[in-house]
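These notes concern the structure reproduced below.
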Amino acid sequence: MKSYSLKTKITLWVSVLVIIISFLSALSVLYFSNNITQGVIKRNLISAVESNINEIEIFDNKKTLHLDDEFDIFVKSNNKYIVIDDDFIKEVNNVNISLYDDNDVVYGENLVSAQEHPYSDSGIKEFVVDDKQYFVYDKPINTEGAENLWLRGTIQKDIGFSQTISALQSFVLFVPLIVLIAVLGAILLSSRSLNPIEKISESAQEIRHGNDLSKRIEQSGNTREITILTDSFNGMLERLETSFERERRFNSDVSHELRTPLSVILTAGELASQEDDLQQYKESMEIILRQGNKMSKMINSMLEYSRLDTQNLCFEGIDFSSLVSALAKDIELTDTKSIKLLCDIQDDVFVFADRELISRLVSNLITNAFKYTKQNGSISVSLKNNNGICELSVKDDGIGISKKDIEKIFNMFYRSDTSRNEPGFGLGLSFVKKIAAIHGGTIEVISTEGVGSEFIYKQKIFKNKLF
Ligand code: ADP
């Protein structure tokens, strides 16, 4: 069964199921139809006997005897004069009705002998005569002078069974037709529902062999499940494409950024190896050391950045108000440009965050503000709960950012020309953007070149204070 296609399996299952259901239905038909026909037979038997009971008249002497018409039947038995009306029906609906006097048949057939199977007025009885089963219903004629006169109705029990069998036969004739319809239905249904899956797997194979992650699978099915499957598949491809693209860009950016210090190191090393003058040699060595340190810092930052995706995060309710004011004060201590720091921090603003990452986001923004603000400039850090959204603003009156740079500052390794004098690798804001995304927050910037910049971070407030 393993190697068969899903379509074949579904068709086989449906066929087997329909055959089993048909077989069980046939058994039910047999059972219920037999019960019903047996009931009908018994009712016919009783009504045939009951309707004939008034068709018998008894006379005790010949003088009083009169026949209503020429078709009435006259019988003499044991000094009784019996007139059987012409409405008396001897056989109706396979029921035989006979008139007995004592044990002798006076009129009708003696199918179930009264001698062997005596009368009783106790409903329907079952007797076997010559290997045939009969239902028998007896009724005494309760008129004066009719003592020992009985009507006996008899019907063969298996008459009903043969009717049941013929009903079953007509049912069985339809079974192949039912199975055929079911199998065709199963083939149609399985094809309709599995064709889109086949298309999806064909597209997946194409993408796999062609290595083209920009391809997408067309929506081909009209069922909800197939639409969801296609959407999920395309979503997965989208993520893969973005992550491959990010990796490709990261690799090229990294090699590009490392190339400059590396070539400086190589040149300085080459010079040092040919240098006899100790002073010159020392200078080359210092250059190598400086560039080496720069490379090491850059590599560490890159490693930290790439670890953000895989790092184990520990989210908790954090008192963002205390965290922001503590970080602002700490960074202010490193200030060498007499910058004025103004803090307007609302108390009890809580966020749900990873403490280490959210601290990094805040300190990157404040450090940049100090870095890109001129001597005697001013910075304002404000935090407030704005209708359930925490808003952190870091505003400076520093060098500002030009329109052409503003879209790129969150890209890795991007640094504007005006900021080249300050230390840095152009990774800080990439961290900020990624950390914001990890926390479901947003970061935006408003800046005018030469006037200053404002960075605004927004995240949902954490309602349960926990503390
Ligand atoms: P880095 O500061 O190490 O260069 P960032 O990623 O933190 O890297 O910043 C990227 C660039 O964005 C900076 O080089 C600078 O040009 C610009 N920038 C960031 N913050 C500010 C700011 N407060 N004022 C002016 N320019 C800024």
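Each residue takes its place number in the sequence, starting with 1.
A salt bridge does not link K329 to E332: none of the charged side-chain nitrogens sits closer than 4.0 Å to a carboxylate oxygen. Salt bridge annotation for K125-D138: present, with a cationic side-chain nitrogen under 4.0 angstrom from a carboxylate oxygen. The pair E304-R360 meets the salt-bridge criterion, with a side-chain N (NZ, NE, NH1 or NH2) lying under 4.0 Å from an Asp/Glu carboxylate O.
In this view, N234 satisfies the side chain to side chain donor-acceptor pair (under 3.5 Å) rule with no residue, not counting sequence neighbours.
Put simply, the side chain of K42 reaches to within 4.5 Å of the side chain of F135, judged on heavy atoms. Side-chain contact check for E241 versus R216: some heavy-atom pair is nearer than 4.5 Å. By the 4.5 Å heavy-atom criterion applied to side chains, F320 and L323 are counted as neighbours. Counting heavy atoms from C-beta on, the side chains of L427 and M302 come closer than 4.5 Å. Residues V445 and I409 meet the side-chain proximity criterion, which asks for heavy atoms closer than 4.5 Å. Contact of the C390 side chain with the L383 side chain is registered, since non-hydrogen atoms from C-beta on lie closer than 4.5 Å.
The cationic atom of K434 (NZ for Lys, CZ for Arg) lies less than 6.0 Å from the six-membered ring centre of Y305 and within 45° of the ring axis.
Aromatic rings of F425 and F413 (six-membered ring for Trp) have centroids beyond the 6.0 Å cut-off, not under it.
In terms of heavy atoms, A272 sits closest to Y281 at O-CD1, 3.2 Å. In plain terms, the two heavy atoms of K157 and Q38 that are nearest each other are O-NE2, 3.4 Å.
Judged by distance alone, the side chains of D405 and S402 do bring a donor and an acceptor atom under 3.5 Å apart. A donor-acceptor contact closer than 3.5 angstrom is absent between the side chains of Y457 and E444.
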*I379 and L342: side-chain contact (heavy atoms from CB on, under 4.5 Å), yes or no, with the steps?*
CA-CA 6 Å; I379 294 171; L342 297 165; over 6 Å; no
